[in-house]
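What follows is a short report on a single structure.
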Amino acid sequence: MTEPDFLPFCRPTIGDEEIASVVESLKSGWITSGPKVLAFEARFRERLGVPHAVALNSATAGLHVALAALGIGPGDEVITTSLTWPSTLNMVELLGATSVFADVLPGTLMIDPEDVCRRITERTRAVVPVHYAGAPADLDALEAAIASAGRSGDRPIALIEDAAHALGTFYKGQEVGARKHTTVFSFHPIKNITTGEGGMVTTRDAELADRMRTLRFHGVSKDAWSRYGRSASPRYEVIEPGWKYNMLDLQAAIGVEQMKKLERFNGQRAEIAARYAEGLADVPEVRPLERVPYDHVHAWHLYIVRLDLESLSIDRDAFMGELGKLGVGVGLHFTPVHLHRFYAAKYGLEKGDLPHSEAAGEAIFSLPLYPLLTPPMQERVVDAVKQVVAANRKSRAR
Ligand SMILES: Cc1ncc(COP(=O)(O)O)c(C=O)c1O
């Protein structure tokens with residue numbers, strides 16, 4: 001199969017507007033953090049009705065500065081899901097804190113609030129749910145789990161929403177990012193909007209926002225724009241050691257244009273998801289995830305399916321390989337983090353410790369889902385899935 005025949009798993013939708021906006025930045029003479037980043041942050045504040053939005057060069061950086069700004073470090077525990085990209089856990093580890101894994105609910109693969117509740121200890125400092133695939137985690141139940149720990153004073157338990165998949169997701173009538181919690185978005189090329197790479201943290205906490213801004217840029221009191229801009233003072237001072245995590249204007253130039261298209265993009269994603277549901281309705285071996293049982297709007301970041309491995313003669317990896325041979329790119333979200341070498345060795349976790357995350361980790365994969373996926377392309381995906389199922393169905397007759 002030649003490359004042009006390959007149907008990619010993801011492809012960003014970049015229009016002339018994004019290109020013009022980047023060219024404008026390039027020609028302006030200001031390409032690092034500056035007016036476009038400020039405009040991009042303002043869009044988030046306005047959209048979500050929150051007072052603070054902090055742009056960074058990735059969601060991973062956002063998780064890092066959010067956890068660090070909360071003062072999380074050695075001796076502290078952070079509870080999250082194992083069915084995620086390793087970012088959160090890696091940032092917890094790099095801060096010297098302890099990762100605690102809660103299992104997911106078997107049908108939706110969303111973090112299980114009851115399991116979170118069971119794992120809260122005196123040392124818990126944060127809970128980080130992932131709004132998995134673009135559906136919302138059950139925030140009311142997670143808030144209740146945290147409240148039941150009865151912690152107050154100088155060691156409250158923070159809820160940080162990992163909304164890398166969830167730009168445009170709504171939970172019970174409220175957009176993700178609009179609640180009182182700190183929320184982290186990603187603009188990696190596969191996401192609902194992209195800036196090439198990028199992230200945004202939104203929060204209602206002014207002190208936290210200030211500290212995150214300092215930490216994203218060397219820990220100095222001022223970024224480049226405030227040092228070299230028109231009314232700037234060149235003096236700066238390190239308040240605490242920080243990272244180099246600032247978003248560039250070149251990235252934000254793409255982001256401001258992408259934000260204008262978010263509703264259209266998410267509408268197209270929802271249509272594609274509906275067509276997959278229809279196209280695969282008669283394929284019991286390949287089931288979509290269950291919908292979360294509360295009022296929500298799904299952002300359809302990913303269309304994850306689960307194989308009924310009992311009825312197939314090949315495993316999930318081989319199934320994905322067969323689709324690749326047919327020229328269809330697919331993704332894997334995710335292999336459970338607690339089974340990765342570092343985490344398994346450090347925490348001594350084994351298969352069986354998080355049964356629902358592990359079972360999903362063996363059986364799920366993601367189909368292509370992006371606005372540029374046309375109905376004929378999608379038919380090709382569905383046909384390929386059906387072909388692989390037909391060729392590898394276990395015969396029932398014995
Ligand atoms: C659930 C989740 N959290 C965090 C991230 C990290 O995002 P970024 O690549 O912007 O650092 C990802 C990336 O895919 C993700 O899927």
Side-chain angles (χ1 to χ4, degrees), residues 7-25 36-37 39-50 53 55 59 131-136 163-171 173-178 183-200 202 247 250-279 288 291-292 295-304 329 331 333 366-382:
L7 192 154
F9 171 63
C10 78
R11 195 163 172 211
T13 312
I14 301 293
D16 290 342
E17 301 78 7
E18 285 84 345
I19 293 168
S21 180
V22 172
V23 170
E24 187 182 76
S25 285
K36 297 250 170 162
V37 169
F40 191 41
E41 290 177 337
R43 279 206 161 254
F44 271 78
R45 286 199 305 273
E46 283 154 19
R47 182 182 173 99
L48 299 172
V50 293
H131 296 299
Y132 188 62
H165 299 183
L167 185 56
T169 298
F170 282 71
Y171 173 75
Q174 192 177 34
E175 187 159 2
V176 161
T183 306
V184 184
F185 297 96
S186 169
F187 315 121
H188 174 274
I190 190 184
K191 298 297 187 304
N192 292 41
I193 70 156
T194 189
T195 57
E197 295 280 358
M200 185 77 74
T202 56
M247 175 180 277
L250 291 180
Q251 294 167 299
I254 305 172
V256 286
E257 298 304 323
Q258 290 263 293
M259 276 302 270
K260 296 178 191 165
K261 304 176 181 176
L262 177 62
E263 263 53 59
R264 172 156 66 85
F265 287 166
N266 281 7
Q268 288 168 320
R269 286 174 174 275
E271 280 169 24
I272 293 168
R275 280 202 297 269
Y276 273 137
E278 207 180 307
R291 295 295 292 264
V292 291
D295 173 41
H296 70 286
V297 175
H298 201 307
W300 291 112
H301 166 52
L302 296 170
Y303 196 86
I304 296 178
H333 305 91
S366 312
L367 297 175
L369 171 58
Y370 42 91
L372 292 175
L373 192 80
T374 61
M377 287 162 81
Q378 204 180 352
E379 253 172 60
R380 207 180 130 193
V381 178
V382 171

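What you see is a predicted model, and the numbers here were worked out from it, not measured in a lab.
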_Whether His165 and His333 hold their rings parallel, tilted or perpendicular, with breakpoints at 30° and 60°_ = perpendicular

*Starting from the C-alpha separation in whole Å, work towards a yes-or-no answer on side-chain contact (heavy atoms from CB on, under 4.5 Å) for Arg11 and Leu373.*
CA-CA 9 Å; Arg11 195 163 172 211; Leu373 192 80; over 6 Å; no

*State, to 0.1 Å, how close Leu250 and Ser25 come at their nearest heavy-atom pair, and which atoms those are.*
CD2-CB, 4.0 Å

*Test side-chain contact (heavy atoms from CB on, under 4.5 Å) on His296 and Tyr171 and set out the steps.*
CA-CA 5 Å; His296 70 286; Tyr171 173 75; 5.6 Å; no

*Quick one: pull up CG in Leu262 and CG in Leu167 and give me the separation to the nearest 0.5 Å.*
4.5 Å

_Within the 4.5 Å heavy-atom criterion, are Phe187 and Gln251 side-chain neighbours or not?_
no

*asked:* For a quick test of reading the model, state the closest non-hydrogen atom pair linking Val256 to Ser21 and the distance between them.
replied: CG2-OG, 4.2 Å

*Under the side chain to side chain donor-acceptor pair (under 3.5 Å) rule, collect the residues that match up with Thr194, sequence neighbours excluded.*
none

*Could you name each residue pair satisfying salt bridge (charged side-chain N to carboxylate O under 4.0 Å, His left out) that touches residues 262-274, not counting sequence neighbours?*
Arg47-Glu263

_Spacing of CG belonging to Leu369 relative to CZ belonging to Phe9, to within rounding of 0.5 Å_ = 8.0 Å

*Taking all non-hydrogen atoms of both residues, which atom of Ile272 and which atom of Tyr370 are closest, and how far apart?*
CD1-O, 3.1 Å

*asked:* Let me confirm one number: the CE-CZ distance from Met259 to Arg43, rounded to the nearest 0.5 Å.
replied: 6.5 Å

*Hey, what do you get for CZ (Phe44) to OG1 (Thr183), rounding to the nearest 0.5 Å?*
11.0 Å

_Distance-minimising heavy-atom pair for Pro12 and Pro189_ = CB-O, 3.9 Å

*Do the non-hydrogen side-chain atoms of Asn192 and Phe265 ever get within less than 4.5 Å of each other?*
no

*Of all the heavy-atom pairs spanning Arg380 and Leu7, show the shortest one and how long it is.*
NH1-CB, 4.0 Å

*Answer yes or no: is there a side-chain heavy-atom contact under 4.5 Å between Ile193 and Phe185?*
no

*Taking all non-hydrogen atoms of both residues into account, name the closest pair between Leu372 and Met377 and its distance.*
O-SD, 3.6 Å

*Single hit among Lys261, Gln258, Lys260 for side-chain hydrogen bond (donor to acceptor under 3.5 Å, both in side chains) with Glu17*: Lys261

_Sole candidate of Glu41, Glu24, Glu257 that passes salt bridge (Lys or Arg N to Asp or Glu O under 4.0 Å) when paired with Lys36_ = Glu24

*Atom pair OG1/CG of Thr169 and Asn266 - distance to nearest 0.5 Å*: 7.5 Å

_Gap between atom OG1 of Thr202 and atom CZ of Arg45 - 0.5 Å precision_ = 11.5 Å

